[in-house]
Amino acid sequence: MEAAIIDGKAAAGLLRAQLAVDVAEFTARNGAPPGLATILVGQDPASAVYVGGKQRACAEVGIRGFDQRLDAAATREEVVALITALNADPAVSGIICQLPVPEPLDGVELTGLVDPGKDVDGLTAASAGLLALGRPGLRPCTPEGVMLLLEQTGADLRGAEAVVLGRSNLFGKPMAQLLLAADATVTVCHSRTHDLPAVCARADILIAAVGRPRMVEASWVKPGATVIDVGINRTDEGLCGDVDFDAVRAVAGALTPVPGGVGPMTIACLLRNTLKAARMAAGENP
Ligand code: NAP
């Protein structure tokens, strides 16, 4: 039997529709909408597309956008001054610094300067620490989006074998923490993992975030497993994920496509985090 396709685009659409309602209610209660500031340093075309998409998504749900752009030659002091001003601005609920930033700027250092209460990317040490401790906080958007998709599939995470391929700070590590918090039995793999296919084949939930086109083959997948493909790879034939979709579809129980799977959930979760940050700042229960 073919795997059920997990429609991230539809799920993100539903989430955004609900967020539009919640944002309107928040704005009515507080007299001002949540605000999201995006910081783009330089003219990297891919980053400009991402930032443009985030700003458009904000406008669609009633979040006020602050589109901050700095020249590629901006100094560390200029970026720090901008982040400091946004941290202090009550109209700004969330701040994201679009990565990568041009050298010699240090993206990790700059991201770390964002007020933890406005850290809607969930990437500061404070947010990572809250996640590791199981305390409430702002979670990174892509792993949070994956959790929402898993919830939608009805997959039972308690005690399940979950394998995360990739250990980045952006995705793999927070994904593992969220799965652990949901009582899954979690294995995190990386480039030094021995016998990767055998480890993956144990998984009831297999999540791939490596950045290698179609790396996960059908023989790596346990029959009936839920497979989440986070990878985004540009190939001559167009976009594809880290999972060999056509082959794995015949084995898995449920599978996300690329595009149209995890990607749309990432932006929806960014909007969700911005509302959550605004609620926290307003003293509401997020
Ligand atoms: P990253 O920082 O480059 O991390 C890649 C991870 O994959 C590393 O932990 C690396 O291991 C591991 N890896 C690389 N080659 C491997 C191999 N042959 N076998 C096993 N593990 C291997 O990437 P990332 O930021 O986590 O992103 C991963 C992918 O997800 C990319 O395609 C990215 O575009 C995509 N992504 C998508 C979204 C979305 O919204 N859909 C969001 C974020 C990322 P080592 O640590 O040992 O080097």
Side-chain angles (χ1 to χ4, degrees), residues 5-13 15-16 38 44-47 49-54 57 96-101 106-108 111 120-123 127-128 131 139-150 162-179 186-203 206-217 219-221 227-235 237-245 255-273:
I5 302 306
I6 304 168
D7 189 343
K9 204 171 164 196
L15 180 53
R16 283 158 75 148
T38 52
D44 176 63
S47 294
V49 169
Y50 287 138
V51 164
K54 289 168 187 175
I96 58 169
C97 185
Q98 186 67 40
L99 301 179
V101 288
D106 177 348
V108 174
T111 299
V120 286
D121 259 345
L123 295 178
S127 296
L131 173 57
R139 309 305 193 208
C141 303
T142 306
E144 184 86 330
V146 170
M147 290 305 286
L148 294 178
L149 287 180
L150 287 174
V163 172
V164 181
L165 253 173
R167 57 173 165 182
S168 66
N169 291 331
L170 179 72
F171 182 79
K173 286 180 196 165
M175 186 73 250
Q177 297 277 3
L178 288 171
L179 289 163
V186 185
T187 304
V188 183
C189 301
H190 45 80
S191 63
R192 308 298 154 103
T193 299
H194 291 160
D195 202 356
L196 196 56
V199 179
C200 291
R202 292 205 312 253
L206 178 60
I207 302 177
V210 172
R212 289 180 180 262
R214 303 186 191 94
M215 183 175 110
V216 175
E217 301 171 18
S219 62
W220 299 24
V221 175
V227 180
I228 306 286
D229 191 352
V230 181
I232 301 176
N233 305 293
R234 280 166 227 286
T235 69
E237 305 104 64
L239 275 191
C240 77
D242 291 344
V243 174
D244 184 346
F245 182 88
L255 173 63
T256 57
V258 176
V262 174
M265 291 301 284
T266 297
I267 288 196
C269 286
L270 175 66
L271 304 175
R272 190 174 184 251
N273 268 353

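We number each residue from 1, following the sequence as shown. For ligands, and for the atoms within them, numbers begin at 1 and follow the listed sequence.
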Q.
Against ligand 1, does Thr193 come closer than 4.0 Å with any heavy atom?
A.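 No heavy atom of Thr193 comes that close to ligand 1.
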Q. If you measure from each heavy atom of Met215 to ligand 1, is any distance below 4.0 Å?
A.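 Met215: in contact with ligand 1 (<4.0 Å).
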Nearest-neighbour protein heavy atom for [atom], which is reported as residue plus atom name and distance:
| atom | value |
| --- | --- |
| atom 33 (C) of ligand 1 | Ile232 N, 4.2 Å |
| atom 5 (C) of ligand 1 | Val210 O, 3.6 Å |
| atom 47 (O) of ligand 1 | Ser191 OG, 2.5 Å |
| atom 24 (P) of ligand 1 | Ser168 OG, 3.7 Å |
| atom 30 (O) of ligand 1 | Val230 O, 3.5 Å |
| atom 27 (O) of ligand 1 | Ala209 O, 4.5 Å |
| atom 15 (N) of ligand 1 | Arg212 NE, 3.0 Å |
| atom 9 (O) of ligand 1 | Arg167 N, 2.8 Å |

Using a 4.0 Å cutoff against the non-hydrogen atoms of [X], which atoms of ligand 1 qualify?
| X | answer |
| --- | --- |
| Gly166 | 6 (C), 7 (O), 9 (O) |
| Leu196 | 19 (N), 20 (C) |
| Leu170 | 25 (O), 43 (C) |
| Thr266 | 39 (C), 40 (O) |

Q: Look up atom CZ in Arg139 and atom CG in Leu131, then write down how far apart they are to the nearest 0.5 Å.
A: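 Atom-to-atom, Arg139:CZ and Leu131:CG are 4.5 Å apart.
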Q: Calculate, to the nearest 0.5 Å, the distance between atoms CD1 and CG belonging to Ile228 and Leu150 respectively.
A: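 Spacing of CD1 (Ile228) from CG (Leu150) equals 4.5 Å.
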Q: Identify the heavy atoms of Asp242 and Val210 that sit nearest to each other, and give their distance.
A: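 Answer, listing the atom of Asp242 first, then Val210: OD2-N, 2.6 Å.
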Q. Where is the tightest heavy-atom contact between Met147 and Leu178, given as atom of each residue plus distance?
A.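 Looking at all heavy atoms of both residues, the shortest contact is CE-O, 3.7 Å.
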Just by distance, do the side chain of [X] and the backbone of [Y] share a donor-acceptor pair under 3.5 Å?
| X | Y | value |
| --- | --- | --- |
| Thr111 | Val108 | no |
| Thr187 | Val163 | no |
| Thr193 | Leu196 | no |

(Q) Below 3.5 Å, N or O to N or O, backbone or side chain included: is there any such pair between Gly172 and ligand 1? (A)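 Such a contact does not occur with ligand 1.
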(Q) Contact between Asp121 and Leu99 at the side-chain level, heavy atoms closer than 4.5 Å - yes or no? (A)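 A side-chain contact is absent here, since even the closest heavy-atom pair is not under 4.5 Å.
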(Q) Within the structure provided, determine whether Cys269 and Pro140 are in side-chain contact (heavy-atom separation under 4.5 Å). (A)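 In short, these two side chains do not touch, never coming nearer than 4.5 Å.
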(Q) Show, in sequence, the C-alpha distance, side-chain angles and deciding distance for Val146 and Thr256, and conclude whether the side chain to side chain contact (heavy atoms under 4.5 Å, CB included) test is met. (A) CA-CA 10 Å; Val146 170; Thr256 57; over 6 Å; no
